[in-house]
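Since the structure comes first, as structure tokens, the remarks are kept for the end.
Since the model is a prediction, treat every value here as computed from it, not as a measurement. Hydrogens, waters and symmetry mates are skipped; everything else that's a heavy atom, side chains included, is used.
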Amino acid sequence: MARLEGKVAFITGAARGQGRAHALRLAEEGADIVVCDICRDVASVGYPLGTEEELSETARLVEDLDQRVVSRQADVRDGEQLAAVVEEGISEFGRIDIVCANAGIATFGPSWELSEETWQDMIDTNLTGVWETCRAVIPHMIERGEGGSIIITSSTAGIMGLANVGHYVAAKHGVVGLMKTLANELAPHMIRVNTVHPTSVDTPMIHNETTYGLFMPHLESPTREDAAGAFATLNALPIPWVEARDISNAVLWLASDDARYVTGQQLKVDAGSTEKVG
């Protein structure tokens, strides 16, 4: 039997990248899916975000796996929008068992040079957006009384301090603290809460001119091949980045009964990045 048969998963930031990969991996294991994404750009972010067309494609791919899907545009910074998506998902499926608080952005700059807008957009999306996501679903999970699993996307930046992303590091450390508190608060209800900590993942968040420029300021027009060499220096294993599905496999494990007693943990899928010496 599929590991998630009869379950329903709610995934934010699902138009593409890790969010789409999570939706498809959980659907492969039998889960019905509720997905959302902002589907518009944010002014302080220097690369295009997911689109309505990409979110629709995620939904189509889930349906191709013979699973049902609810797909809606929603900004994780807006609690009312998230509550509406959750309400529709519960109305359609009768339950939500799994939450993947995945939506996030990346911007760059020395901490003292970040604009207030850049700082606030980061905290509002990558930290407050996670809280809003959890807040939208937790009361339902408690009331239903059948437990559940909440998986929050952090980062190696939720473990280490990294230059030029102080606001990102603050947000990703922040969600770890939120996870640890929720793990304690929700344990009596058999709701497990964990974080995943990827190294660089092969998604549009890193494959764009803005990110390439941060890693290779000496090159006028760096390519993906140039980026591979730069990103490989971050990891202990000799690879530049992991695939989104590698993170999805970790999410699947945390969502499944294989991890039924795992809560309050920080699961690294980081190619040894946080342990690298030199």
Mind checking what makes side-chain contact (heavy atoms from CB on, under 4.5 Å) contact with L61, not counting sequence neighbours? R20, L24, E57, D64

For S71, all residues meeting side-chain contact (heavy atoms from CB on, under 4.5 Å), sequence neighbours excluded: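 Per chain and number, S71 pairs via side-chain contact (heavy atoms from CB on, under 4.5 Å) with V35, L55, A59.
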
From [atom1] ([X]) to [atom2] ([Y]), nearest 0.5 Å:
| X | Y | atom1 | atom2 | result |
| --- | --- | --- | --- | --- |
| E143 | M141 | CD | CE | 13.0 Å |
| I33 | I96 | CD1 | CD1 | 10.5 Å |
| D270 | M160 | CG | CE | 8.5 Å |
| H197 | I159 | NE2 | CD1 | 4.5 Å |
| S154 | L267 | OG | CG | 11.5 Å |
| T133 | R77 | OG1 | CZ | 12.5 Å |

With clusters defined by side-chain heavy atoms of hydrophobic residues (ILVMFWY) lying less than 4.5 Å apart, directly or transitively, does [Y] cluster with [X]?
| X | Y | result |
| --- | --- | --- |
| L182 | V262 | no |
| L127 | I151 | no |
| L26 | I150 | no |
| V99 | V62 | no |
| L178 | I191 | yes |

What residues, two or more places apart in sequence or in another chain, satisfy salt bridge (Lys or Arg N to Asp or Glu O under 4.0 Å) together with [X]?
| X | value |
| --- | --- |
| K268 | E275 |
| R40 | D75 |
| E52 | none |

Quick check: do [X] and [Y] have side-chain heavy atoms less than 4.5 Å from each other?
| X | Y | answer |
| --- | --- | --- |
| V42 | T125 | no |
| M179 | Q265 | no |
| L4 | S256 | yes |
| D78 | E132 | no |
| F10 | I90 | no |
| I98 | L254 | no |
| Q18 | T153 | yes |

Considering all heavy atoms, the nearest [X]-[Y] contact:
| X | Y | value |
| --- | --- | --- |
| A2 | G30 | CB-N, 4.0 Å |
| P240 | S200 | O-CB, 4.1 Å |
| L162 | A157 | CD1-CB, 3.9 Å |
| M205 | N208 | O-ND2, 2.9 Å |
| G104 | N126 | CA-OD1, 3.2 Å |
| G129 | L82 | O-CD1, 4.4 Å |

Keeping to residues at least two apart or across chains, list the salt bridge (charged side-chain N to carboxylate O under 4.0 Å, His left out) pairs with something in [range].
| range | result |
| --- | --- |
| residues 22-38 | R3-E29, R25-E28, R25-E29, E28-R245, D32-R68 |
| residues 144-159 | R95-E146, D97-R144, R144-E146 |
| residues 105-116 | none |
| residues 228-240 | none |

Please check if the number of heavy atoms outside R260 that lie under 6.0 Å from its CZ is greater than 12. no

Crowding at CD, E209 (>12 non-hydrogen neighbours, <6.0 Å):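 Count not over threshold, so no.
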
Closer than 3.5 angstrom, by distance alone: can the side chain of [X] be matched with the main-chain N or O of [Y] as a donor-acceptor pair?
| X | Y | answer |
| --- | --- | --- |
| T181 | G177 | yes |
| T58 | A15 | yes |
| E54 | R16 | no |

Sort and list the pairs that fulfil ring pair (Phe, Tyr, Trp, His ring centres under 6.0 Å) and have at least one residue in residues 105-124, not counting sequence neighbours. none

Listing request: all ring pair (Phe, Tyr, Trp, His ring centres under 6.0 Å) pairs with a residue in residues 230-262, at least two apart in sequence or in separate chains.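 Sorted pair list: H207-W241, F215-F231, F231-W241.
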
Between [X] and [Y], do the side chains contain an N or O donor and an N or O acceptor separated by less than 3.5 Å?
| X | Y | value |
| --- | --- | --- |
| T199 | N235 | yes |
| S44 | D121 | yes |
| H22 | S248 | yes |

For the pair V69 and V34, evaluate side-chain contact (heavy atoms from CB on, under 4.5 Å) and give the outcome as yes or no after the intermediate values. CA-CA 6 Å; V69 61; V34 180; over 6 Å; no

I would like to know whether D257 and R192 meet salt bridge (Lys or Arg N to Asp or Glu O under 4.0 Å); could you show each step before the answer? CA-CA 11 Å; D257 284 344; R192 301 178 293 105; 5.5 Å; no

Do S221 and Y212 pass the side-chain contact (heavy atoms from CB on, under 4.5 Å) test, and can you show the C-alpha distance, the side-chain angles, and the key distance before you say yes or no? CA-CA 9 Å; S221 299; Y212 287 178; over 6 Å; no

So, R72 and E88, do they make that salt bridge, N to O below 4.0 Å? yes

Under the side-chain contact (heavy atoms from CB on, under 4.5 Å) rule, what do V201 and E243 come out as? Steps first, then yes or no, please. CA-CA 6 Å; V201 184; E243 300 301 321; over 6 Å; no

Start with the C-alpha distance between I38 and V76, add both sets of side-chain angles, then the distance that settles side-chain contact (heavy atoms from CB on, under 4.5 Å), and finish with yes or no. CA-CA 7 Å; I38 189 173; V76 295; over 6 Å; no

Quick one: which residue pairs count as a side-chain hydrogen bond (donor to acceptor under 3.5 Å, both in side chains) with a foot in residues 163-172, not counting sequence neighbours?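 Qualifying pairs: T107-H167.
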
